[in-house]
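Worth knowing before you read on, the calculation uses all heavy atoms, side chains too, and leaves out hydrogens, waters and symmetry mates. What you see is a predicted model, and the numbers here were worked out from it, not measured in a lab. Below, chain A is the first sequence line, B the second, and so on; all start at residue 1.
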Number of protein chains: 2
Amino acid sequence: MTDTYPLDSPSPYPAADIARAWQRERPGTPTDSIEIVTPLWRLAKLFADDRRRVLADLNIDPATLDLLSVLRRAGAPYQLTTRELAARTLVTAGAISQRVTRAESANLVTRTPAPHRAVLITLTPTGHALIERSVDQVLTRESALISSLTPESRAHLATALQSLLNDVTHQTSNQP
Amino acid sequence: MTDTYPLDSPSPYPAADIARAWQRERPGTPTDSIEIVTPLWRLAKLFADDRRRVLADLNIDPATLDLLSVLRRAGAPYQLTTRELAARTLVTAGAISQRVTRAESANLVTRTPAPHRAVLITLTPTGHALIERSVDQVLTRESALISSLTPESRAHLATALQSLLNDVTHQTSNQP
DNA sequence: AGCTAAATGTTTAGGTCTAAACGTGAGGAT
DNA sequence: ATCCTCACGTTTAGACCTAAACATTTAGCT
């Protein structure tokens, strides 16, 4: 019984092996979350890395794509405040500020002061054009990546994920 | 019909709404991956953010925890090469090198040259003690976060995720 | 022996994020 | 009127990553 795996093999350590290793090394370790959390993180990383590679060819980074996407999806006149952007993208207001600064210097968005100390971020024609030619490529690629799922298992998985997301969101939202 | 959501509401934009918005704005956009990929990313981010907060109290960062965990799980004598670490953690060799440098200056691991130009990373007693007192807290917290799942739905979800992970890994592994 | 190709770890440049400190407006209380 | 507190966006420090260039060793070939 060997302990080595081929180094180039995909997903060399299934979650079950990780849990087993903890039990062997530290009997009683609470490992029951591993079979959910580990594949979840690995999938998210694979999708993120793949998206970064797709976008590299288009000269746009994932954070900027996310920003422009939210503005584009909001519909005309394609503008939202910093705070609304933060809420829709799950990053902090500070991160949005930095994203906007980058996108602004690439002429993809503009900043406009608004009442109540808010700042409106608006998509420029250049930004609009960029998102139009990027979004289909990204989504088509991701659609291909999950094409192994049957319609039934896809619907099942989507429901399960959304349900867990609601629950975890609720549990983590009132954090210190 | 208003378009505003309460900004402090959890998960303000379900994946289904995002897909709907794209269809409204750009009919024909290939949105079928969104219901899977979006909740996946959001869950991964919630777990990552939560883990970071748990670890902040213990004075350890997530990347270092990951490094020490892999070494600890490997069993005595708690040493692996850089390349093995990279394979087990899904980050690049460069990232491992940086993690090791950080952990080394905190006296948590040591570097030892090994045959074949390899470098063995070994857990120090300090590193061993740190991982022992961290791992249970992290895993217990994550177990609580998924406690809403029934045993059946948990098993179902774990299987579905692992299966999708195998598939996506295979599709993305021979990338340029 | 000498050369070349592959493998391994490190460094560097650049992007990205969070948390916390900060500056500043706006509204309410007195 | 004045103060106080909250809300909002920005800035900064520090963590973290990838991709690519780099340096060095090993192994195979001639």
Looking at [options], which one has an atom nearest to any side-chain atom of [X]?
X	options	answer
A:Pro62	C:dA13, D:dA27, C:dT16	C:dT16
B:Lys45	D:dG9, C:dA19, C:dT18	C:dT18
A:Val91	D:dG9, D:dC17, C:dC17	C:dC17
B:His116	D:dA27, D:dT12, D:dC8	D:dA27
A:Val119	D:dG9, C:dA19, D:dA19	D:dG9
A:Ala118	D:dC8, C:dC17, D:dC16	D:dC8

Practice item. List the steps and the verdict of side chain to side chain contact (heavy atoms under 4.5 Å, CB included) for A:Glu25 and B:Tyr78. Key: CA-CA 11 Å; A:Glu25 293 293 323; B:Tyr78 310 118; 4.2 Å; yes

Review point. Has the side chain of A:Arg117 got a donor or acceptor atom sitting under 3.5 Å from an opposite partner on the base of C:dT24?
Key: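 Side chain to base: pair present.
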
Considering every strand and a 4.0 Å limit on heavy-atom distances, what is the contact class for [X]: base, sugar-phosphate, or nothing?
X	answer
B:Thr92	base
B:Ser97	base
B:Ala93	base
A:Ala95	base

Practice item. Check A:Gln23 against A:Gly28 and note the closest heavy-atom contact, atom names and distance. Key: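 Nearest pair, atom of A:Gln23 first, then A:Gly28: OE1-N, 3.2 Å.
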
Atom-to-atom span, [atom1] of [X] to [atom2] of [N] - whole angstrom:
X	N	atom1	atom2	value
A:Asp49	D:dC17	CG	C1'	9 Å
A:Leu65	C:dG15	CG	P	16 Å
B:Ile121	C:dT8	CD1	P	14 Å
B:Ile96	D:dA19	CD1	P	14 Å
B:Arg52	C:dT16	CZ	P	17 Å
A:Leu85	D:dC8	CG	P	14 Å
A:Gln98	C:dG14	CD	P	17 Å
A:Leu80	D:dG9	CG	C1'	15 Å

Review point. Is a side-chain donor or acceptor of B:Ser163 paired with a backbone partner of B:Thr159 at a separation under 3.5 angstrom?
Key: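 Not a single qualifying donor-acceptor pair exists.
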
Practice item. Measure from the side-chain N and O atoms of A:Gln162 to the backbone N and O of B:Pro39, and report whether any donor-acceptor pair falls under 3.5 Å. Key: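 Here the side-chain-to-backbone pair does not exist.
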
Point to revise | Those residues of residues 99-114 of chain B lying under 4.0 Å from DNA chain C by at least one heavy atom | key: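 Going residue by residue through residues 99-114 of chain B, the ones with a heavy atom under 4.0 Å of DNA chain C turn out to be B:Arg111.
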
**Study point:** Electrostatic pair A:Asp49-A:Lys45, nearest N-O below 4.0 angstrom
**Key:**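 Yes, A:Asp49 and A:Lys45 are salt-bridged.
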
Check your understanding: Does B:Arg52 come within less than 4.0 Å of B:Asp61, counting only side-chain N to carboxylate O?
Key ->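 Answer for the salt bridge query: no.
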
Exercise for review: Pick out which of A:Val119, A:Thr110, A:Val109 makes a side-chain contact (heavy atoms from CB on, under 4.5 Å) with A:Val100.
Suggested key: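 Single pass found, and it is A:Val109.
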
Check your understanding: If you count the non-hydrogen atoms of other residues, nucleotides and ligands that lie under 6.0 Å from NE2 in A:His128, is the total more than 12?
Key ->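 Enclosed.
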
